[in-house]
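First comes the structure, then the notes that go with it.
One is the number of the first residue; the rest follow in order along the sequence.
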Amino acid sequence: MATLSAYSSPPWPNPNPNSDLLSTHDEIDSQTHSPSDSRPHDSQTHSPSESGTYDSQTHSPSESRAYDSLSSIVPPNPNPNQNPITNYNTSISSPPQSTSPPPRISLLHLSFNQDFGCFAAGTDHGFRINNCDPFREIFRRDFDGVGNSGGGIGVVEMLFRCNILALVGGGPDPQYPPNKVMIWDDHQSRCIGELSFRSEVRSVKLRRDRIIVVLEQKIFVYNFADLKLLHQIETIANPKGLCAVSHGAGSLVLVCPGLQKGQVRVEHYASRRTKFIMAHDSRIACFALTQDGQLLATASTKGTLVRIFNTADGTLLQEVRRGADRAEIYSVAFSSTAQWLAVSSDKGTVHVFSLKINPGSPGIDRSQSSDEPSLAVTSAASSLSFFRGVLPKYFSSEWSVAQFRLPEGSQYVVAFGHQKNTVVILGLDGSFYRCQFDPVNGGEMTQLEYHNFLKPEAIF
């Protein structure tokens, strides 16, 4: 799931440096009431397998103390095809009327929900939730003047369209400590639980059954119902909080950076297997999973190539080229059918690539591919394929079929829309684009609509 963060939060002082609440683990103190003593089935420790994969290692949860009950957060979903709990589709919470001019809003965070039908924006005054199609603001929560904090929210993670969100303070004047994950129930307009850490939280991922918290060099996986710690993972330095999880009806697949430059780690919790994939020679800049967790797309800090892997065995299935020069990749997204892949970067262009793969297809020869422009993998789809063996492989690279040009100077995150052959683009400047591409002829996309969701006139 694509995420943009504009701000690195300042260090938050420890209000009680002599407290021993963090003594059980180096990083964590879970502050919540456990509604049951049942232990998750996947919380056992296993030895590495002989095939070279590694089983997940689980550590005991830290000491808990009462905060509030989480037993009613995620009741059993009677219809798995529908989103749980209450859908946000009726009310809009508007700021109070005032004769003074509204304060200037700065965006700190942008992310889509799990089905890309909504997006959340964290600001220096609170957070907002918007619907993508049709575009409209669903509600907002402004924390100005509440308590002694300024209201900055650096991370907002939705759980589909339900009333539960995960919040992390951010910006120059955070609403909450940036080392805490606050579980917010919008029905009650208050936090009903929290997770505290010794270092800043970089990102949070939610599933109906799990909460995943990403720190600079560690990832913690919790059971949603009672916040029991199930698993913790060590990673290479991960300042962007890179992490992706599957959201299909099957079991959890989690992807995160490994312990080496260019390596990704894939956790298959159903089979309790870990797969390490050397995806790039350079550091990992961005990646994305399909909903079922079978396909993984990765990009490196060079930003020239995007590679698609089978998560089960690490096979490289396809490689596409964004461009020849370096670029910072902001987001990568699969379409719901895994037929298309969208990429946004600091070059101001969103690319859509055609995927001709399935998880069971044979891999391509990694010896023919490289992040260097002259060594890209050959592609049967290239218009210059008849020059193969004569010109450098760069000229036979597989390029995007459709593009959309954006104003440079802002960061953009992209996802596929619910309407056929559409993409939704969000910018940290408050821009919202919905565009359509031609799957046959390709070329420049057609802009269908534009809004600035930070301006009052964009709310309807």
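- Annotation for F112 and C132: closest pair CE2-SG, 4.0 Å, computed over non-hydrogen atoms.
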Can M445 and V423 be said to form a side-chain contact (heavy atoms from CB on, under 4.5 Å), step by step?
CA-CA 9 Å; M445 295 188 229; V423 296; 3.6 Å; yes

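- Put simply, the side chain of L289 does not reach to within 4.5 Å of the side chain of L295, judged on heavy atoms.
- The two residues Y330 and S410 have their closest heavy-atom pair at CE1-O, 4.1 Å.
- Nearest heavy-atom pair, S199 versus N179, reported as atom, atom and distance to 0.1 Å: O-CB, 3.4 Å.
- Summarising the geometry of A297 relative to V332, their closest heavy-atom pair is CB-CG1, 3.7 Å, with the distance given to 0.1 Å.
- H268 and T274 are not linked by any side-chain donor-acceptor pair at a separation below 3.5 angstrom, with hydrogens and angles left out of the test.
- Within the 4.5 Å cutoff, no side-chain heavy atoms of L230 are placed close to those of Y222.
- With ring centers used as reference points, Y269 lies under 6.0 Å from H231.
- Between L355 and Q318, the closest heavy-atom pair is CA-OE1, 3.5 Å.
- Residues L254 and V221 meet the side-chain proximity criterion, which asks for heavy atoms closer than 4.5 Å.
- The aromatic ring centroids of F453 and F135 lie 6.0 Å or more from each other.
- A salt bridge does not link D185 to R190: none of the charged side-chain nitrogens sits closer than 4.0 Å to a carboxylate oxygen.
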Given the rule in the salt bridge (Lys or Arg N to Asp or Glu O under 4.0 Å) test, do D186 and R141 qualify, once you have shown the distances and angles that lead to the verdict?
CA-CA 9 Å; D186 206 69; R141 296 293 176 257; 2.5 Å; yes

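- You'll find the side chain of R210 stays beyond 4.5 Å of the side chain of F224, heavy atoms only.
- Here the side chain of T315 pairs no donor or acceptor atom with the backbone of N310 at under 3.5 angstrom.
- For the atom pair CZ (R140) and CD1 (I105), the distance works out to 7.5 Å, reported to the nearest 0.5 Å.
- Taking the six-membered ring for Trp and thresholds of 30 and 60 degrees, F220 and F197 have ring planes inclined between 30 and 60 degrees apart.
- You'll find the ring centres of Y450 and Y433 inside the 6.0 Å limit.
- Going from atom CG of L296 over to atom CD1 of I308 covers 9.0 Å, rounded to the nearest 0.5 Å.
- Taking CD1 of I284 as the start and CZ of R265 as the end, the distance is 15.0 Å to the nearest 0.5 Å.
- For the side chain to side chain contact (heavy atoms under 4.5 Å, CB included) test with V214, the passing option among C256, C243, P257 is C243; the others fail.
- The distance from atom CG of D115 to atom CE of M158, rounded to the nearest 0.5 Å, is 8.5 Å.
- Counting heavy atoms from C-beta on, the side chains of L215 and V201 come closer than 4.5 Å.
- Summarising the geometry, atom NE2 belonging to H187 is positioned 8.5 Å from atom SG belonging to C162; distances are rounded to the nearest 0.5 Å.
- Considering CZ of F404 and CD of Q436, their distance stands at 12.5 Å, rounded to 0.5 Å.
- H351 approaches S400 most closely through the heavy-atom pair ND1-OG, 2.9 Å.
- Between E200 and R202 a salt bridge is recorded (basic side-chain N to carboxylate O distance below 4.0 Å).
- Taking 4.5 Å as the limit, every side-chain heavy atom of L426 sits out of range of all side-chain heavy atoms of Y412.
- Evaluation of the salt bridge (charged side-chain N to carboxylate O under 4.0 Å, His left out) rule for E234 yields no partner, not counting sequence neighbours.
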Would L448 and T422 satisfy side-chain contact (heavy atoms from CB on, under 4.5 Å), going step by step from the backbone distance to the final call?
CA-CA 9 Å; L448 301 179; T422 61; 4.1 Å; yes

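- For the pair R208 and F160, the cation-pi criterion (under 6.0 Å, within 45° of the ring axis) is fulfilled.
- Residues passing the salt bridge (charged side-chain N to carboxylate O under 4.0 Å, His left out) test with R405, sequence neighbours excluded: E444.
- Residues E157 and Q114 form a side-chain contact, since some pair of their non-hydrogen atoms from C-beta on lies under 4.5 Å apart.
- C118 has its side chain within reach of I138: a pair of non-hydrogen atoms, C-beta onward, lies under 4.5 Å apart.
- Residues N131 and D133 bring no donor and acceptor atom of their side chains to less than 3.5 Å of each other.
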